[in-house]
Amino acid sequence: MPDLESTTRYDPAEVEPRIVARWLDSGLFHPEPEGTAAENYSIAIPPPNVTGSLHMGHALNNSIQDVLVRHHRMRGHRTKWILGTDHAGIATQTQVERQLRREGTSREEIGRDAFVARTWEWRERYGPTIVDQLKRLGASCDYDDERFTLDEGYVEAVLKVFVSLFEKGLIYRDRYIVNWDPGSRSAISDLEVEEREVADVLYSIRYDVEAGGSVTVATVRPETMLADTGVAVNPADARHRHLVGATAILPLVGRRLPIVADDYVKPDFGTGALKITPGHDPNDFEIGLRHGLDQVSVIGEDGRVTATAPERFADLTVLDAREAVVAALREEGRIAAEEPYAHEVPFSHRSGERIEPLISLQWFMAMDRLAGPAIEAVESGRVRIHPDSQRRRYLQWLAEIRPWCISRQLWWGHRLPVYYCEACEETYVSAQAPERCGACGGEVRRDEDVLDTWFSSALWPFATLGWPRHTPELRAFYPTDVLSTARDILFLWVARMIMMGLEFAGDVPFSDVYVHSIIQAPDGRRMSKSLGTGIDPLEEIDRHGADAVRFGLLAMSSTQDVRYSAEKVEQGQKLANKLWNASRLVLLNVDGRVAPGGRPEALEDRWIVSRLQRAKETTSAHLEAFDFSHAALGLYDFVYGELCDWYLELVKPRLYEGGDQRSELSATLLHVLRETLAMAHPVIPFVTEEIWSFVPGSRGLLAGQRTSPPDEALLDPEADAEVGRAIEAVRAVRGWRDRVGVAAGERVPGRLEAPGYEAMAAQVARLARLDLRTDGGDPVARVVIPAGALAVFAGGGFDPGAAERRRGQRRDQLRADVARSEGKLANRGFVEKAPAAVVDAEREKLARLRAEVEAL
RNA sequence: GGGCGGUUAGCUCAGCUGGUCAGAGCGCCUGCCUUACAAGCAGGAGGUCCCCGGUUCGAGUCCGGGACCGCCCACCA
C-alpha cells in the first residue's frame, strides 16, 4: 500500500496488479444464477480467437462492455459478463501448421488425430494469453466460468443445431461453385472473401465457328478457356444473333461449344460474346445451369491445372498456365486484342490468396427462412442496432441473403455429424454415430469436413449458458442485454446469432447491438502489423495505466471510424492523477469520524452537491445512449471544471482552519468523494478502487458498491446561480489583472458594485486576490462582472497605461456587439417572426452590453 | 456500378430538433514552485465552420449542385 501523505503521483503500475487480484479474489464478477434475465444484466463477450492477443479493437470493445457491466452491477443488478474464447478454425489450424513446418513435418504426415491433439495442446498453452490481457485492462468478466467453442457442452449444442436444421431441410449437401481458398485448401463463405483491385490484361480470343466464320470472346483469365463448354451472346445483339444455335470450336482443345443466347451478356462490354466456363466462374456456372451446358474442371484444389486439360498444360500453376495458353493462342494467331484492365478480384480474407472458384460438393445452409424473423426482430425494435446506419446495413444484407457454405476442409473444428455407408449410398445425419448402416449393415464413415467457425459462434449467447439443457444460467441470463462489436462481423456473426437465437433459444439473443468505431492509426491508415501502423494497447497500459487507456478509447469512440489519439489517453492519465490528488487533499484533512452527508447548508456545499447530481444524470444518460465519449469527457469536466478548480479551492480555508464548520464540511467532502468515485468507477476502475480503500468507513470493494440513481430533487438552482456568478466574477477579475499587468501576488483594493454576491463576496475576494472595501472614493478602473462591476481603487500596483489600452479595446468590441444587437432588434422581421423568448434574450443581452459600456 | 459517412482553431475532434455554438483536449504564448497535484495552477492568442447557389428575419446547423477524403455492398467477362 502506498503512503497517502507522500505519494503525490498516482502510480498505475504499482496499483493495478494489486487491484486485479482483489477483484478476482472477491468473487464479485461471478454471479450465482438466480432470478430471470429480465431483472438481471448480462453481456456475452465476443469471444476472442485463441490465437489472439489483445489489439486496439479488443481494448476498445472490452472497455465499452466493462463500462456497461460495471455501471449495471453498481446499480444493483445481478450482472454476468459471459467470457470465453473461440476455436477459430482456419486461424488456429494455420498457426499449428506453421509450427509443424518449422519442425520439418506437416499435418498430413502426422495424421488427423495427432494434429487435433497438437492443436489442443497449442490451445492449452496460448489460450490463457488473451484472457490474462483482459484482466490487465480491468475487464470484469466472469472468469470463474470461462467457455470455449469446442467444450463438450458446446459441441453438443452445435450438433443438435446441425441435426435439427438438417431435419428441417435447411441444411443440405450440394455440388455447387464455391469460393475455393488455395491457401487454406478449403472452401470459404462469401463473407470471408474480400475484393481487391488487380491489374490484369483483357484478352480477345477468336474461336472458329463450325459452320464457318468466327466469334471473338473477351476474358481476363485465358487459362480457364480450357474448361469452356459454351459461348453466350445477348439475344438482342444484332451482331451475334445469327450465331445462336451454332457451334464454336474451342482452340487448343477442339471441344464443340454450343452458342447460346443469355440476357446476362452485356452487348457493349468487350466483344459482346462471352466464353462460358461453368467450372471456374460463378456467373458462368449459373448460365451453364440455365442452358444445360457441361461442367468441366481444369483447375484442382491445389491451384494447379489438372490432367483434364491437354497434357502440355497439366500441373502448371494458374499463372504459368495463363502464360502458356496465351503463348499457344498467339502462335495460332487467335489473340485478336489485348489491353490492360484493372478490376476487382476476390481474395481470401484468411489466407490472402486469390480465390479460385471451383465446383465442389459442400454443405450449405438455406438462409431465407431464418432471415425473416431476424428482419422482423430488428424492424420491430426487439433488437435495437446502434448507430442507425448499421441497422440499415443489417436489414439490407438480410433482404438479399444467399445460401451459406458451412463446410470447411479443415481438421480443427466441429466435425460434421454426417456419416456415409461404405457399402451403399446411405447417409446418416445424427449427433450419435450410427454403429452400422441401417440399410445394408455396412461400416459407416464420418464426413471429413468441419463446420465454418461462425456456425458455432452463432450459438454463443445461449450455448455458453448451457443450452440445450434448461440450466439456471440460461434462465437467469438469456436473453443477454447488449452485444458490442465492430461492424466487420455484423453479418458474419451478429445477424446469425439473431437467427439462431430466435430459432433455437426462443428469443432474440440481446436487445441492443452497439457497433463501435474502428480505431485507425494516428495518420488515418488502418492499424496493422504488416504496415507497421499498429499500436499495442498493452504497451499503452504499461506507459499510461489501464484507466488512461480505457478513458482515452472511450473518449475517442464515435459512431464512425476514428484515429487513435494519444492525447485522449494522456487526458485519461491526467484525470486519474487529478482524482488521486484531490482525494489526498480530502482524505488527509477531513475529520474521518464524521459520517458522510449529502444535505449541507453552506452555499458552496449545496452547489457541489447539485453539480454532482447533474454529473451523475448526464453520465448515466450518456451510457444508456451508448454515447461513451460524452460520458467519459463529462466525467473529466466535472472532476476538473467543478470539483477541483472550484469547489476544493473554495473550501480550503474551512478545511485548514477547522472551526465549527469542519464537521459539516467533512461530511460533505466525504459524501462528494464517495459519490464521485462511484460515478467514475465504470470508466476508470483502478484508481477509484484504490482511493476507495482509503476512504474512512468504506467497506468492501467499490466495484461491489450499490449506487443510488440520479435524483432531480437534489438539484439546487439557487446555489448553481449564486456560485456560478461568483466563478464568473473571479474569472473576469483574474483576466483583467493579467491583462493590465498586476503582479500575481498583489492584492488589489476594490469594491463590489453588483447585487447577488452577499454570500460569496469573501470567496471572490480571496480567489481573485482582492481587498474588498465598502468605501474607497473614486475608482481608477472598473471590471465588469455578472450583474455589475468591480470598482478598483488606486494602490493595486497595476499599469494605468495598460489598463487604459485594454479598456479601449474592450470598449471597441462592446460597441461592435451593441451595434450588431441593435441592428438585429431594429429588424422588424426578427422582432415579429422570431419566438418571443429569443427576442427577449436578445434585449437582455443588449441591455447587458450597454451596461458594460457604461461601466467602462 | 450502387449506397453511406466525413470535410469546424497548428493537430485530433464536440457542436441535438436553425437564434450566447463558434467549443474541448493537445500544441503555442505570458505569469506563477499559492502547504492535493509542476504529468500542476492562473491567464491568453488562434477559425472566410471545404466551395457555389438557395430557403429563412436569421444557417457549421435545412435544401440543391460541386470538389476532395474514407467506408460498405455488388457475379460485367
Side-chain angles (χ1 to χ4, degrees), chain A residues 4-5 7-10 177 190 195 200 202-203 217-221 224 232 264-266 268-277 281-287 341 343-344 346 357 387 389-390 392-393 396-397 400 487-488 490-491 518 520 522 524 544 555-556 558-568 570-571 573-574 576-589 629-630 633 636-637 641 644-645 648-649 652 655-656 730-731 734-739 741-745 767-769 817 824 827-835 837-839 841-842 844-845 848:
Chain A
L4 205 54
E5 181 99 36
T7 309
T8 59
R9 291 214 305 234
Y10 172 65
I177 192 151
D190 295 337
E195 304 287 325
D200 270 330
L202 182 63
Y203 295 94
V217 299
T219 181
V220 291
R221 299 201 59 193
T224 65
Y264 171 81
V265 183
K266 304 279 182 290
D268 53 350
F269 188 90
T271 60
L274 179 62
K275 71 189 217 31
I276 304 298
T277 319
D281 183 283
N283 299 314
D284 294 6
F285 181 83
E286 297 291 342
I287 296 169
Y341 187 69
H343 63 148
E344 304 267 296
S389 55
Q390 298 302 321
R392 292 196 299 270
R393 246 185 99 215
Q396 278 163 20
W397 182 74
E400 298 168 6
R487 62 159 181 273
D488 54 351
L490 186 65
F491 308 147
I518 288 177
Q520 300 167 334
H544 303 286
M556 276 173 239
S558 163
T559 55
Q560 61 184 55
D561 292 351
V562 292
R563 298 178 181 206
Y564 185 76
S565 162
E567 289 80 16
K568 287 282 189 295
E570 280 158 25
Q571 194 178 353
Q573 186 175 3
K574 286 183 178 177
N577 189 244
K578 193 70 169 176
L579 205 50
W580 171 254
N581 279 299
S583 302
R584 286 179 60 234
L585 172 68
V586 172
L587 295 170
L588 292 172
N589 292 287
S629 74
H630 284 104
L633 293 169
Y636 180 95
D637 287 342
C644 294
D645 290 352
L648 294 181
E649 294 302 329
K652 272 180 182 175
L655 193 58
Y656 292 141
V730 171
R731 284 211 173 105
R734 282 174 174 169
W736 171 83
R737 288 175 61 114
D738 203 64
R739 283 189 299 271
V742 179
L767 295 175
R769 301 220 174 203
D817 289 347
K824 213 167 175 182
N827 181 340
R828 280 180 54 197
F830 175 69
V831 178
E832 285 166 15
K833 293 188 183 176
V838 174
V839 177
E842 192 62 35
E844 271 177 43
K845 181 177 160 192
R848 203 168 59 239

Where does B:G60 land, syn or anti, once you apply the within-90°-of-0 test for syn? syn
Integer-rounded Å distance: B:A24 C1' and A:His630 NE2: 10 Å
Please enumerate all protein N or O atoms sitting under 3.5 Å from an N or O of nucleotides 3-7 of chain B, with distances to 0.1 Å.
{"from": "B:G5", "atom 1": "O2'", "to": "A:Gln560", "atom 2": "OE1", "distance (Å)": "3.1"}

Kindly point out which of B:U12, B:A14, B:G31 is positioned nearest to the side chain of A:Ala744? B:G31
Please identify which of these residues, A:Ile276, A:Thr277, A:Thr271, meets the side chain to side chain contact (heavy atoms under 4.5 Å, CB included) condition with A:Leu274. A:Ile276
Compute whether any side-chain donor of one residue and acceptor of the other, for A:Arg393 and A:Gln396, lie under 3.5 angstrom apart. no
Considering only atom C1', compute the distance from B:G6 to B:A45 and round it to an integer number of Å. 29 Å
Quick one: the dot-bracket string of RNA chain B, using Watson-Crick and G-U wobble pairs with both distances under 3.5 Å, [ ] for crossing pairs and | for bases paired to another strand. (((((((..((((.....[...)))).(((((.......))))).....(((((..]....))))))))))))....
Please report the distance, rounded to the nearest Å, between CD in A:Glu567 and P in B:C11. 12 Å
Salt bridge (Lys or Arg N to Asp or Glu O under 4.0 Å) against A:Lys266, all qualifying residues, sequence neighbours excluded: none
Could you run through nucleotides 67-77 of chain B and give me one letter per nucleotide, 5' to 3': B if any protein heavy atom sits under 4.0 Å from the base, S if only the sugar-phosphate is that close, - if neither? ----SSSBBBB
So is A:Arg584 actually on top of A:Tyr10's ring, under 6.0 Å and inside 45° of the axis? no
Partners passing salt bridge (Lys or Arg N to Asp or Glu O under 4.0 Å) against A:Lys275 (at least two apart in sequence or in another chain): A:Asp228
Protein proximity profile, nucleotides 37-43 of chain B - base contact B, sugar-phosphate-only contact S, no contact -, cut-off 4.0 Å on heavy atoms: B-BSSSS
Give me the distance, rounded to whole Å, that separates B:G60 from B:C75 when you measure between the C1' atoms they each carry. 43 Å
Atom C1', compared across B:G46 and B:C29: separation rounded to whole Å: 11 Å
